[in-house]
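Computed from a predicted structure; not experimentally measured. Chain naming here is simple, since letters A, B, ... match the order of the sequence lines and numbering starts at 1 in each. Any value given below was found using the heavy atoms of this structure, including those in side chains, with hydrogens, waters and symmetry copies removed.
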Amino acid sequence: MALLRPLISRSLEALYPGVKFGIGPNIENGFYYDVDFGDQPFDGAALEKVEQKMVELAKAKNAYQRQAISKEEAISYFKEKNDPYKLDLLEGLEDGSITFYTQGNFVDLCRGPHIPHTGFIKAIKLLNIAGAYWRGDETRPMLTRIYGISFPKAKELQEYLTKLEEAKKRDHRKLGRELELFTFSEKVGMGLPLWLPKGTLLRERLIQFMKRAQDKSGYQQVTTPHIGHKALYETSGHYEKYGKDSFQPIHTPNEGEEFLLKPMNCPHHCEIYKHKPRSYKDLPVRYAEFGTVYRYEQSGELHGLTRVRGFTQDDAHIFCRPDQVKEEFIKVIDLVLYVFKALGFEDYTAQISLRDPENKTKYIGEDEAWNKAEASIIEAAAERGLKTVTELGEAAFYGPKLDFMVKDALGRKWQLGTIQVDYQLPERFKLEYVGADNQKHRPVMIHRAPFGSLERFVAVLIEHCAGNFHYGYLLSRCVFYRFQRNIRTMPKRYVPIWKMRILSERSTTETRRSDVKSVMQK
RNA sequence: GCCGACGUAGCUCAGGGGUAGAGUACUUCCUUGGUAAGGAAGGGGUCACGGGUUCAAAUCCCGUCGUUGGCUCCA
């Protein structure tokens, strides 16, 4: 797609003399191009003009010419052209590896390779524009980012655009409103979802499903308050790490104490662990809670249910002996996979999120603990044959993670389930158990949430089944729910969600069969 | 938080300096044995909020709030 860059460049230069160009890489779907329009106004409506110009230029079938060039020459060329962005890019390039591509009368810095000529480009669509800082740095100039896509055939473009339309119809924000699942209120506050009766029913079905799965896996439910003393988070390290960027403490009127809305459940669970002495024979202890937490997300980041400021995690913390870590971790992987399978999520990726070796100051804890934790995650994932990608620098500040990512209708990737090995919190909270040697030992914690948060999970679930919750037969066995988007277009047997009920295993299986049939017939 | 766009009836949106419109939904009535049926009438909006310009502002300007596309961030 880099082949389009000269086309856009030439089109923009023709329509907006004096524009300057930043980077223009290919992305998963198409490409983008950062452009500095200077003082010239440019809005979405202008995209069409640019698009037409590009098509016009493409027809000229101009050939691309490659030319190796010295760094010095390149610098002087762009200096003359007064192009600060290309000069900035050149600084990072090694002399001898620099190539220019010439197309028509346009010369550009480009790695290549290119197709022979522009005649191969048949279908171009510029999709939208957005602001983006030069090199993602907010102290640098803001450029206009133009997103677009091209295909060799017009038909493929049409198919892609149709797909985009379909994706929009699945948007959980739209469906959530139409189906009366949830809403937001300015008065309550941004990013704080209000669950309507039908949405709440859906949530409760999911909770019930998860509780049953967890019961079978040896978890115990606990319940903790929505706030905790500031000291609790100083101990956990959360305050130091996120205190300034969190909801600020709640002050008591008389004693002058400070409490924080809990951003995580783990500190509370650590205190539960500590309420009595533990023996090695008691471990592992698995405490689960559908705990609602509050995080001050940046206003610009909020998005429907996928990014909110108050949400409920299907959280649990496993306290175990070091020799049990791998086994417990694998059990959790199995639970996550069971949940995904039951709900029909097949398109997910498992991401091993490790520490950034270049910047260890972002994290707490000793190297040895980190190495052990990272190793056990990698081993456990391998043992279960998970296809994984490894991301450096994506770990939580207290430990590495195994995250399960799925895509929403618009192709955005979201983290759902997460499993984290943690040697730090047991240390900070001085958690102990008495070993067979009658000595005190430190347990290891595993944080895990198969759904991640109910909010995000419901969002992804809505988009996954396009709001047709009768596909929820996949949930099977313990939960069966379904309802309709429009009572007039659905067979009568699809009962509204507010009439949903839990069916027994046997009847679920039977219903499921007939349901599948009717869905197929449709 | 930063930059851009947007904010008109429950929903989708048109309009645009002279005191509000459509479709759909809703209410009532009529018609109609059928899968988003037809007709009639009706209710519903200080055009997000607050300032300013103006004889006059929903319409122009500024600010705030919110939504949204990105950027940065994400325990």
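Of the possible donor and acceptor atoms, one in the side chain of K241(A) sits under 3.5 Å from a partner among the backbone N and O of K362(A). E374(A) contributes a side-chain N or O that, together with a main-chain N or O of R355(A), makes up a donor-acceptor pair within less than 3.5 Å.
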Please list, for nucleotides 6-13 of chain B, all pairs of protein and nucleotide N/O atoms separated by less than 3.5 Å.
| from | atom 1 | to | atom 2 | distance (Å) |
| --- | --- | --- | --- | --- |
| U12(B) | OP1 | R177(A) | NH2 | 2.9 |

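Among the heavy atoms of the strands, none lies under 4.0 Å from Y32(A). Among the atoms of the strands shown, base atoms are found under 4.0 Å from some heavy atom of S246(A).
Defined by atom type and a distance below 3.5 Å, a donor-acceptor pair is missing between the side-chain atoms of E240(A) and Y233(A).
Rounded to whole Å, the C1' atom of G21(B) lies 44 Å from the corresponding atom of C73(B). Separation of the C1' atoms belonging to G7(B) and G15(B) is 15 Å when rounded to the nearest angstrom. Annotation: A58(B) and A48(B) have their P atoms spaced 9 Å apart (nearest Å).
For R145(A) and C3(B), a side-chain-to-base donor-acceptor distance below 3.5 Å is absent, hydrogens and geometry of angles not being considered.
With Y294(A) as the aromatic partner, R309(A) does not meet the cation-pi criteria of under 6.0 angstrom to the ring centre and within 45 degrees of the ring axis.
Side-chain atoms of Y296(A) lie closest to G1(B) of the nucleotides G66(B), G1(B), C74(B).
When the side-chain nitrogen and oxygen atoms of H303(A) are compared with OP1 and OP2 of G70(B), none of them lie within a distance under 4.0 Å. Residue R307(A) places none of its side-chain N or O atoms closer than 4.0 Å to OP1 or OP2 of C73(B). Contact between the side-chain N/O atoms of R173(A) and the OP1/OP2 oxygens of G69(B) is found at a separation under 4.0 Å.
We find that K163(A) and E159(A) are not joined by a salt bridge, their nearest charged nitrogen and carboxylate oxygen being 4.0 Å or further apart. Note on E178(A) versus K198(A): no salt bridge recorded, every NZ/NE/NH1/NH2 to OD/OE distance being 4.0 Å or above.
For RNA chain B, each stem of at least three Watson-Crick or G-U pairs (distances under 3.5 Å) is given as range with range: B:1-7 with B:65-71, B:10-13 with B:21-24, B:26-30 with B:38-42, B:48-52 with B:60-64.
Each of T388(A), V389(A), L392(A), L386(A) was evaluated against I352(A); a single residue qualifies, T388(A), per the side-chain contact (heavy atoms from CB on, under 4.5 Å) test.
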